[in-house]
Student: 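Structure provided below as structure tokens; questions to follow.
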Amino acid sequence: MREIRAPFLRHRGRLGVCVALCLAICLATATAAAAPRIVAVGDVHGDVAAFEKILVEAGVLEATGAWVGGETVLVQVGDLIDRGPSMRGTLDFVMELEQTAAKNGGRVVSLLGNHEVMNMTGDLRYVAAANYAEFADAGSEKRRADAWLQVRDLRKRRARPGQPEPSSGPEEREAWLEKHPPGFLEHREAFGPGGRYGRWLRARPAHFLARGTAFLHGGLSPTLAGTSLEEIDRRVHEDLATFDTDKELFVSEGLILPFFDLPETTRAVHEELQALTAAETASRAAAEQAGRRYTTPARDAQRREIYERFLDWGNWTINSADGPLWFRGFSQWSDAEGDAEMPRLLSAAGIEHFVVGHTVQEDGRIRVRFGGAVFLIDTGMLASYVPGGRGSALEIAGGTVSAIYGGEPRQVIWQSPRPAASAPHARVFLGPDGKPLPFANDDELLEFLREAKVVDVQVLGEGITRPRRLTLERNGVRARALFRNVRTEEPVVKLPGGQREFHFRDFYGFEPAAYRLGLLLGVDNIPPATLRLLGSEPGSVQVWIEKATTEQRRREAKSEPPGSVDWQRQHQMMVVWDALIGNTDRNQGNYLWTPSWQLWMIDHTRSFGRRVDLRGAQNIVWCERGFWEKLRTVGDAQIIASVNDGLRPAEISSLLERRRKLVDLIDGLIRERGEGAVLFTWPR
């Protein structure tokens, strides 16, 4: 090595600069390619022993507690405390782990959960008796005795004129002491703005972003979809600062004592607001009786505003059911609800995945939802509280996501899609034997579908229209196809959603019309379809997509795709397409997935109605660039020519109007959010 290095060091010219630059680029590339793995852990709830155990299992710690994770980023998504046996011990463990990881090249990110905020604000419903005992010391009893005297004196001072003085005898004293056990006062101080844990927790974030993934405690509600994660985080900390300021004010006004919990504080503020209202009413009445105009003093108006805002506690970001700390939709939504909402949420946040805790998964296993868009990682680590619960960790390493449980090998639960598998426009049609059909183009395939001999007919029990599957053969080539002959008309029908559809048609001719319109606009995941006779029976015939499964069966099998973004974009383009053609019957039985996770749309016999509103327009947030360019540039005459033999004039007019509305909708999204946030290109 010395023989190579010495000449290089002696050379100070252009070669040395080039070599150094190349070396820097190589090092940067290697660093980017080897991004540190991420290990995420859900709700701990005071079970520090189980927490340590799963970190050992994940290769973050040695059994001795030493950090062996290297550059690993450990993300704990909140709810370290409450319910479990060790509150103080868990917090001390994580605070020390932060320092240890940093010294060894790693990182610990501890997020705020609803239980951390509850302890800071005095909502102590889930603090176990053993938790208070962790904070008790030799001086606790004297502090409690002194605190009771302060409470007694405050009650006397706050007594309203004309009311009996509050009782403060031995019974009241014992009742108060029972509700405020040893360690209570020390706990309240420790979680205050100046306390050891209060200071640390107030500096913790409510979200963490890394490698296209957002980590939160609860999730992102659709009500906040237009708000950035950074802004939501700011609101959380603004709420905490407002609470601290309000409480300091209430103490200075003599409404509460510094150690009051949230119910005690709320009760005192409510009583003060009632007294303020009563005094204002009396003053207003006296002024009116004296013929004077009454104006509320500025100080009273300000106090009222503060009190009313404080009492609106349920709508604060840190306490709202739709806030990032309490939201449970990712776990509670149906598949259909999540598939509809997730594109908007991912797009708004600029990410590919969410990782959240907060809601215990019943089977004690990490759950993947909505095509890998969401990972639910609260598996009930506090097993003494959650029957069947256990510790777990989510590992993100490269493009692979794995679940880690105690005593089990790592289980891969999601993988980033390979480029070839993520391109939804590959058009390969297979025969019953699984081999590619020997047609050079769609025209050859369509001719085969029209002319080949029918050698087998199977009636399918699926769907309202009772389609039949044909096996066709010509010149030694066999292929299967779907035959539909539905042809019904009604002046008005009631759709499953309750809406009425006028001039309703369910018509087999709409299937080839949808196929031809799709090709015109660059939508090539509608299987080729044409008209033909089955005996003397007219209908449409569509090539059968071999080895595919319906969305319904995919869900029943709990099969998850490898790529959440590609999955969501294919779903999104189906929503866009159905809005354009006015499809009233998109359901889990009429779109298919191939083994490579390509989506195919079938059954368009209930499309092309006369309504001009865009169904599902509120769920459109993305559009494929090629489709968008054709949608707004293809002439009306070309559209008419593609569907003319299947649609009636009124249906064509409605299609053209929906086209214009869809162009306006997407154009508005681009103006509002920017082209890069709305348009995408399929990976090739």
Side-chain angles (χ1 to χ4, degrees), residues 36-98 100-101 104 106-111 113 115 128 130 213 215 217 331 353 355-369 372 374-398 400-415 558 560:
R37 71 167 181 151
I38 299 174
V39 173
V41 177
D43 305 34
V44 176
H45 283 301
D47 196 338
V48 67
F51 188 21
E52 290 187 69
K53 184 177 179 180
I54 198 64
L55 293 183
V56 171
E57 193 79 26
V60 175
L61 299 180
E62 280 187 340
T64 60
W67 179 273
V68 292
E71 295 181 346
T72 296
V73 178
L74 171 63
V75 183
Q76 199 285 318
V77 298
D79 280 7
L80 283 168
I81 54 178
D82 277 352
R83 293 196 174 107
S86 180
M87 175 181 288
R88 194 168 189 171
T90 302
L91 291 171
D92 287 342
F93 171 72
V94 176
M95 292 168 73
E96 183 177 349
L97 194 61
E98 272 189 338
T100 302
N104 290 275
R107 183 180 179 188
V108 172
V109 179
S110 184
L111 302 182
H115 282 266
T213 301
F215 300 80
H217 180 64
S331 180
H353 316 280
V355 175
V356 300
H358 187 49
T359 304
V360 178
Q361 301 309 296
E362 294 181 358
D363 59 358
R365 306 191 80 82
I366 291 172
R367 186 179 177 195
V368 186
R369 299 207 71 190
V374 171
F375 298 93
L376 302 165
I377 66 170
D378 181 2
T379 55
M381 184 176 294
L382 184 60
S384 61
Y385 180 81
V386 180
R390 58 175 170 172
S392 66
L394 185 82
E395 180 186 65
I396 303 175
T400 300
V401 180
S402 304
I404 301 172
Y405 307 101
E408 298 182 17
R410 280 171 172 75
Q411 301 174 19
V412 176
I413 57 176
W414 186 88
Q415 281 187 310
K558 298 182 179 179
E560 295 295 336

Student: List the steps and the verdict of side-chain contact (heavy atoms from CB on, under 4.5 Å) for Val356 and Leu376.
Tutor: CA-CA 5 Å; Val356 300; Leu376 302 165; 3.4 Å; yes

Student: May I ask you to decide if Gly380's main-chain N or O and Tyr385's side chain share a donor-acceptor pair within less than 3.5 Å?
Tutor: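 The answer is no, because no donor-acceptor pair under 3.5 Å joins these two groups.
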
Student: Out of the candidates Asp47, Val386, Leu382, only one should pair with Arg83 under the side-chain contact (heavy atoms from CB on, under 4.5 Å) rule; please name it.
Tutor: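 Going through Asp47, Val386, Leu382 one by one, the side-chain contact (heavy atoms from CB on, under 4.5 Å) with Arg83 is satisfied by Leu382 alone.
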
Student: Donor-acceptor pair, His353 side chain versus Val374 backbone, under 3.5 Å?
Tutor: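 Checking the backbone N and O of Val374 against the side chain of His353, no donor-acceptor pair under 3.5 Å is found.
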
Student: From Leu61 CG over to Lys53 NZ, what is the distance, rounded to the nearest 0.5 angstrom?
Tutor: 14.5 Å

Student: Any heavy-atom pair between the side chains of Val109 and Phe215 that's under 4.5 Å?
Tutor: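 SC-SC contact between Phe215 and Val109 ruled out.
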
Student: Please answer whether the main-chain N or O of Arg390 pairs with a side-chain N or O of Thr379 as donor and acceptor at a distance below 3.5 Å.
Tutor: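 Yes; judged by distance alone, with no hydrogens or angles, the pair exists.
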
Student: Using modelled atom types and a 3.5 Å cut-off, is there a donor and acceptor pairing between side-chain atoms of Arg410 and backbone atoms of Ala58?
Tutor: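 Yes.
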
Student: Could you pull out the closest heavy-atom pair between Gly89 and Val48, with the gap in Å?
Tutor: O-CG2, 4.3 Å

Student: Which atom pair, heavy atoms only, marks the closest approach of Ala383 to Gly389?
Tutor: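 Taking Ala383 first and Gly389 second, the nearest heavy atoms are CB-O, 3.4 Å.
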
Student: Taking the side chain as everything from C-beta on, heavy atoms only, tell me whether Val108 gets closer than 4.5 Å to Glu96.
Tutor: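 Not in contact.
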
Student: Is any side-chain heavy atom of Pro36 closer than 4.5 Å to a side-chain heavy atom of Thr72?
Tutor: no

Student: Is the count of non-hydrogen atoms from other residues, nucleotides or ligands lying under 6.0 Å from Glu408 atom CD greater than 12?
Tutor: yes

Student: Please name all residues satisfying side-chain contact (heavy atoms from CB on, under 4.5 Å) with Thr359, sequence neighbours left out, ordered by chain then number.
Tutor: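 Arg328, Ser331, Gln361.
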
Student: Does the pair Leu55 and Phe93 meet the rule for a side-chain contact (heavy atoms from CB on, under 4.5 Å), with working shown?
Tutor: CA-CA 12 Å; Leu55 293 183; Phe93 171 72; 4.1 Å; yes

Student: Does any part of the side chain of Leu111, heavy atoms only, come nearer than 4.5 Å to the side chain of His217, both counted from C-beta?
Tutor: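 No, too far: nothing below the 4.5 Å cut-off.
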
Student: Is there a side-chain contact between Val94 and Gln76, using heavy atoms and a 4.5 Å cut-off?
Tutor: no

Student: Check whether more than 12 heavy atoms from other residues, nucleotides or ligands sit under 6.0 Å from atom CD of Glu362, and answer yes or no.
Tutor: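 Counting other residues, nucleotides and ligands, CD of Glu362 stays at 12 neighbours or fewer.
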
Student: Over all heavy atoms of both residues, which pair between Val77 and Gly357 is shortest? Give the atoms and the distance, please.
Tutor: CG2-N, 3.9 Å

Student: Yes or no on side-chain contact (heavy atoms from CB on, under 4.5 Å) for Asp79 and Asp378, after CA distance, side-chain angles and deciding distance?
Tutor: CA-CA 10 Å; Asp79 280 7; Asp378 181 2; over 6 Å; no

Student: Run the side-chain contact (heavy atoms from CB on, under 4.5 Å) test on Leu394 and Val401 for me, step by step, so that the C-alpha distance in whole Å, both residues' side-chain angles and the decisive distance to 0.1 Å come before the verdict.
Tutor: CA-CA 7 Å; Leu394 185 82; Val401 180; 3.4 Å; yes

Student: Please check if the side chain of Asp43 supplies one atom and the backbone of His45 the other of a donor-acceptor pair under 3.5 Å.
Tutor: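 No, because the side chain of Asp43 does not come within donor-acceptor range (under 3.5 Å) of the backbone of His45.
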
Student: How far apart are the closest heavy atoms of Ile54 and Ser392, and which atoms are they?
Tutor: CG1-C, 3.5 Å

Student: Minimum heavy-atom separation for Ala50 to Met381, with atom names?
Tutor: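 What the structure gives for the nearest pair is CB-CG, 3.7 Å.
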
Student: Gly106 and Trp67: which non-hydrogen atoms are nearest, and at how many Å?
Tutor: CA-CZ2, 4.0 Å

Student: Say you draw a straight line from CG of Leu80 to CE of Met87; how long is it, rounded to the nearest 0.5 Å?
Tutor: 10.5 Å

